[in-house]
Every structure is written in C-alpha cells, then in structure tokens.
*Asks:* 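The structure is given below, and queries will be raised subsequently.
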Amino acid sequence: MNPASARPARTVAASAASPAGSAAPGPGRRLRLIVVLGALSAFGPLSLDMYLPALPALAGDLGVRDADVQLTLTACLLGLALGQLVAGPLSDRRGRRGPLLVGLAGYVAASALCAVAPDAEVLTAARLLQGLAGAAGIVISRAVVRDLYDGVEAARFFSLLMLVNGLAPILAPVVGSQLLRFADWRAVFAVLAAVGAALLAAAALALPESLPAERRSGGGLPRTVRSFGGLLADRRFMGYAVGAGCAFAAMFAYISGSSFVLQQVYGLDAQQFSLVFGGNALGLVLLGQLNARLLRSRSPEVMLRAGLAVSASGGAGLLLAVVAGLGLWAVCGSLLLVVAAVGLVMPNSTALALSGRDDAGTASALLGLLQFALGGLAAPLVGLGGSGSALAMAVVIAGFAAAAVLVHALWLPRPAAASL
C-alpha cells in the first residue's frame, strides 16, 4: 500500500492548509488557476457534449445505426479513461507541465482527424485518440489542485472549478446546435481542434509547474504498479472513487441517451434540446457554487451524502415518470436533479479520495479511470433500448444513482469516512 494511504485521516481544521512544500497562490494567480484548470478539466464535456445535437443527423449521414454512433461516445470515454492511466503517473515522475502540453497538442491533432473521418470506423478510432490525449487535461488539473491544496480547501477549489468547466456542458451543445444551422457535424470537430489549440497556448503561458523536482516520484513502471496496487487495496479511496464513478455513470447515461430520448421520443428539436441540456448543466454549476459556500460550515462528507441523495431521488423520479407516462416536464425535472447533484458529488468525493496523498497524479488517474469506465459501461446499456423508448435510459440512470448510495453506505468504513 502507498505510504500516504496509511496516514491517519486529517481533521477538517488541519486540512485547510496547503500540502507541505507548496505555497498557496495569491489572489491573482488563484484566479488564473481557476480559469485555466477549470477549462482543462472540461475536456470531458467539451469532447462529448458539443456534438450531441448532431448525433441523429450523423447516423444518417454515415449510414449507421444509432448504437453505432453512440459507440463513438464510448470510444472517446474509453480514451479519456485510459489516457489518465498514462498521464497521471507520468506527471508524478516528470512534473505536470510537460505531459500536459504533449496531451494538448495530441488533442488538437486528433480533433482535426475526426473532422475529416470518411466513415464511422475511422471516426470511432479518432475519437479514441482524442480521448487519450484529452485525458491529460482532466487528470493533471486535479493533481495540480492537490499539489496546492488539501482537505476542505481542495473541495472548495474543485467547486470553484465547476464555475468554469460547468460552462462547457451549457455552451457546448448550444454551440453545436448553432453550427448545425450552417454546417454539418464535421464543423464541430474543427471547433474542438481550435479550442484545444487555445488551451494549449493558455497552459503554456499561464500554468506554472506545481510539482517541484524534490517532490517527484521515481522508480518508473514498477513503482507505478505498486502505487496502483496500494490504491486498489485502500478501502477508503476505493469507496469514494467507485461511489463517484456510479454517480458519474448515471450522468453519462443521460449524456449518451438524452439527445435521442428528448428529440425522438418527446419531440424536441435540436435548439430546444440544447436549451434543456444547458439548463441542466446550469443546475450543476449552481449546486457546485452552493457547495463551496456550505463547506464553510459543513464537512465534505455531509455535502457528499446530500448530493448522492439528490441524485438517487432524481433517478427514482425519472423511472417513475417514464413508466407512468407523466410527460416531458416530469422527465426534465428528474433529469435536472440527477445532473445538478454532480455539483455536490464530484468536488467532495474527489477531495476526500485525494486527501493526504502524495501520489496525486496516480490517484487522480485511477479516480478518473473508474469514473469514465463506469460511464463507458452506461452508454451502450442505454443504446440497447433503441431510440423509440426512454425506458432504457431511465433504468440505467436510476440503477447507477442507487448504486452510488449503496457503495457509500456499505463500502466506506466508519467512522473514518466522516473525517477528512
């Protein structure tokens, strides 16, 4: 087991300090970090959400089934998961900046390849590469936060990042739907290439190295394997990671299925769908900012439990709305609860899982892998129901939301889970 995982849990009061060897950034640099790291951590929604309004048209253009198009989502998600396994441990050994800049450059190239893909097979392969490269932004942004903050301060900073990266799921489908008014789905990937290039420039200019040489790990692959083994054996880390992964899978079931369900089952057009999707993402942002405020008087554990309860309530309500035929508004209201709850679940579960760990890149990688792997499992399950019914999406969302509550209740040891 990694030595960091054997440390006693820190108290909430003690956890507000920055990790040893790191100086907390001043207000000006803190604002730059929030903007840049928030944008980098948004590679998931940027890569997945912008072309959601185009999925039905893309299937027709390439002459494939809806399930084949959803496979491009799964490929990107798989890349986002596996790429973190490389970028995270590498950043523990080499520092944060180098692996990040290489990943961003790869993302630009892969996005350009998506834009010129001649068929679904090439598009799926390019999406996998896009995810592998974009994973560097997600995993390293979390590791940078852990380099600079711990405990409650880390949870609050992760909530502030949602103010930035939460704009991605709001704006991405809106931008995608507007692009479809003037161009086809290929323009979406051209825009993603341009976004990647802008983030590459921003990271190169505004993101300093946060992991000094004396704090970097050595030992290469054997040490990385031992670190992963220690994390897998750490019940506390795995409880938070798997629980958060289930909540993320519920949201990804919504991401992969909502464009078909809301447009083809409930009759929304691409513009209306983008508004509903953006409204749900706004709920996520607002709960994330509420979380940052409430953490001044409540622990991350309490806020995490509240988020899991909201998510499970939304999942149950969605299943009831679909089975009982309660209509569009009941479906949209339940989906809002499921998505907004992520604003409570993800910042607190991430801070709790990474608290006290020196191997932040490796731990962040495994945390991300579990989230995206479970999300990748959810997407094809939703697709099995076809495009003419909302039931499959409702069952998958409700099931994963309930599983997140059960994992948290049954897996995490007590009373350690109540402290940070």
*Asks:* Which atoms form the tightest heavy-atom contact between Gly88 and Ala365, and what is the distance?
*Replies:*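 So the two residues come closest at CA-CB, 4.1 Å.
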*Asks:* Which heavy atom of Ala341 sits nearest to which heavy atom of Leu287, and what is that distance?
*Replies:*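 The answer is N-CD1, 4.0 Å.
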*Asks:* State whether the side chain of Gln272 and the backbone N or O of Asp269 hold a donor-acceptor pair below 3.5 Å, judged by distance alone.
*Replies:*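 Yes; judged by distance alone, with no hydrogens or angles, the pair exists.
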*Asks:* Going by the rule side chain to side chain donor-acceptor pair (under 3.5 Å), which residues pair with Ser159 if we only count those two or more places apart in sequence or in a different chain?
*Replies:* Asn291
*Asks:* Tell me, please, which residues at least two apart from Ser311 pass side chain to side chain donor-acceptor pair (under 3.5 Å).
*Replies:*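 Per chain and number, Ser311 pairs via side chain to side chain donor-acceptor pair (under 3.5 Å) with no residue.
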*Asks:* Tabulate below the donor-acceptor pairs under 3.5 Å that side-chain atoms of residues 198-208 make, not counting sequence neighbours, or state none.
*Replies:*
none

*Asks:* Any chance you could measure Leu318, atom CG, to Ser313, atom OG, to the nearest 0.5 Å?
*Replies:* 12.5 Å
*Asks:* Using the side-chain contact (heavy atoms from CB on, under 4.5 Å) criterion, which residues pair with Ala253? Sequence neighbours excluded.
*Replies:* Ala378, Val382, Val396, Ile397
*Asks:* Any donor-acceptor pair under 3.5 Å linking the side chain of Arg142 with the backbone of Ser364?
*Replies:*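 Checked: pair present.
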*Asks:* Going by ring-ring contact (aromatic ring centres under 6.0 Å, His included), name the residues that satisfy it together with Tyr254, two or more places apart in sequence or in a different chain.
*Replies:* Phe277
*Asks:* Which heavy atom of Ala110 sits nearest to which heavy atom of Leu129, and what is that distance?
*Replies:* CB-C, 3.9 Å
*Asks:* Using the rule given for side-chain contact (heavy atoms from CB on, under 4.5 Å), can you reason through Leu319 versus Val395, listing the C-alpha separation, both sets of side-chain angles and the distance that settles it, and then say yes or no?
*Replies:* CA-CA 6 Å; Leu319 187 58; Val395 169; 3.8 Å; yes
*Asks:* Tell me the closest heavy-atom pair linking Leu192 and Gln130, and the distance in Å.
*Replies:*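 Scanning both residues completely, I find the closest heavy atoms to be CD1-NE2, 3.7 Å.
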*Asks:* Could you tell me which residues satisfy side-chain contact (heavy atoms from CB on, under 4.5 Å) with Ala312, sequence neighbours excluded, listed by chain and number?
*Replies:* Val405
*Asks:* Can you name the closest pair of heavy atoms from Val342 and Pro347 and give their distance?
*Replies:* O-CD, 3.7 Å
*Asks:* Taking all non-hydrogen atoms of both residues, which atom of Cys246 and which atom of Ala403 are closest, and how far apart?
*Replies:*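 Between these two residues, the closest heavy atoms are SG-CB, 4.0 Å.
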*Asks:* Let me confirm one number: the OG-CG distance from Ser210 to Leu100, rounded to the nearest 0.5 Å.
*Replies:*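 Separation between the atoms: 10.0 Å.
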*Asks:* State whether the side chain of Arg96 and the backbone N or O of Ser91 hold a donor-acceptor pair below 3.5 Å, judged by distance alone.
*Replies:*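 Between the backbone of Ser91 and the side chain of Arg96 there is a qualifying donor-acceptor contact (under 3.5 Å).
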*Asks:* Please name all residues satisfying side chain to side chain donor-acceptor pair (under 3.5 Å) with Ser258, sequence neighbours left out, ordered by chain then number.
*Replies:*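 Here no residue qualifies.
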*Asks:* Show your working on side-chain contact (heavy atoms from CB on, under 4.5 Å) between Tyr266 and Val276 and close with a plain yes or no.
*Replies:* CA-CA 12 Å; Tyr266 290 97; Val276 171; over 6 Å; no
*Asks:* Measuring from atom CG of Leu370 to atom CD of Gln84, what distance do you get when rounded to the nearest 0.5 angstrom?
*Replies:*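 With rounding to 0.5 Å, CG (Leu370) is 10.0 Å from CD (Gln84).
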*Asks:* Report the residues that fulfil side-chain contact (heavy atoms from CB on, under 4.5 Å) with Leu275, sequence neighbours left out, ordered by chain and then residue number.
*Replies:*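 If we apply the side-chain contact (heavy atoms from CB on, under 4.5 Å) test to Leu275, skipping adjacent residues, there are no hits.
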*Asks:* Rounded to the nearest 0.5 Å, what separation is found between the CG atom of Asn348 and the OH atom of Tyr240?
*Replies:* 9.5 Å
*Asks:* Of all residues at least two apart in sequence or in a different chain, which pass the salt bridge (Lys or Arg N to Asp or Glu O under 4.0 Å) check with Arg97?
*Replies:*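 Per chain and number, Arg97 pairs via salt bridge (Lys or Arg N to Asp or Glu O under 4.0 Å) with no residue.
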*Asks:* Applying side chain to side chain donor-acceptor pair (under 3.5 Å), name anything that partners Ser349, two or more places apart in sequence or on another chain.
*Replies:* none
*Asks:* Apply side-chain contact (heavy atoms from CB on, under 4.5 Å) to residues Met238 and Trp411 and explain how you reach the verdict.
*Replies:* CA-CA 8 Å; Met238 290 298 295; Trp411 195 330; 3.9 Å; yes
*Asks:* CG/Asn280 to CG/Leu335 distance, rounded to the nearest 0.5 angstrom?
*Replies:* 6.0 Å
*Asks:* Does Phe260 form a side-chain contact (heavy atoms from CB on, under 4.5 Å) with Val265? I'd like the steps, not just the answer.
*Replies:* CA-CA 7 Å; Phe260 294 100; Val265 178; over 6 Å; no
*Asks:* Got a second to check how far Leu367's CG is from Leu354's CG, nearest 0.5 Å?
*Replies:* 6.0 Å
*Asks:* Keeping the roles fixed (side chain from Arg127, backbone from Ser47), state whether a donor-acceptor pair exists under 3.5 Å.
*Replies:* yes
*Asks:* Using the side-chain contact (heavy atoms from CB on, under 4.5 Å) criterion, which residues pair with Ala81? Sequence neighbours excluded.
*Replies:*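 Here the qualifying residues are Leu369, Phe372.
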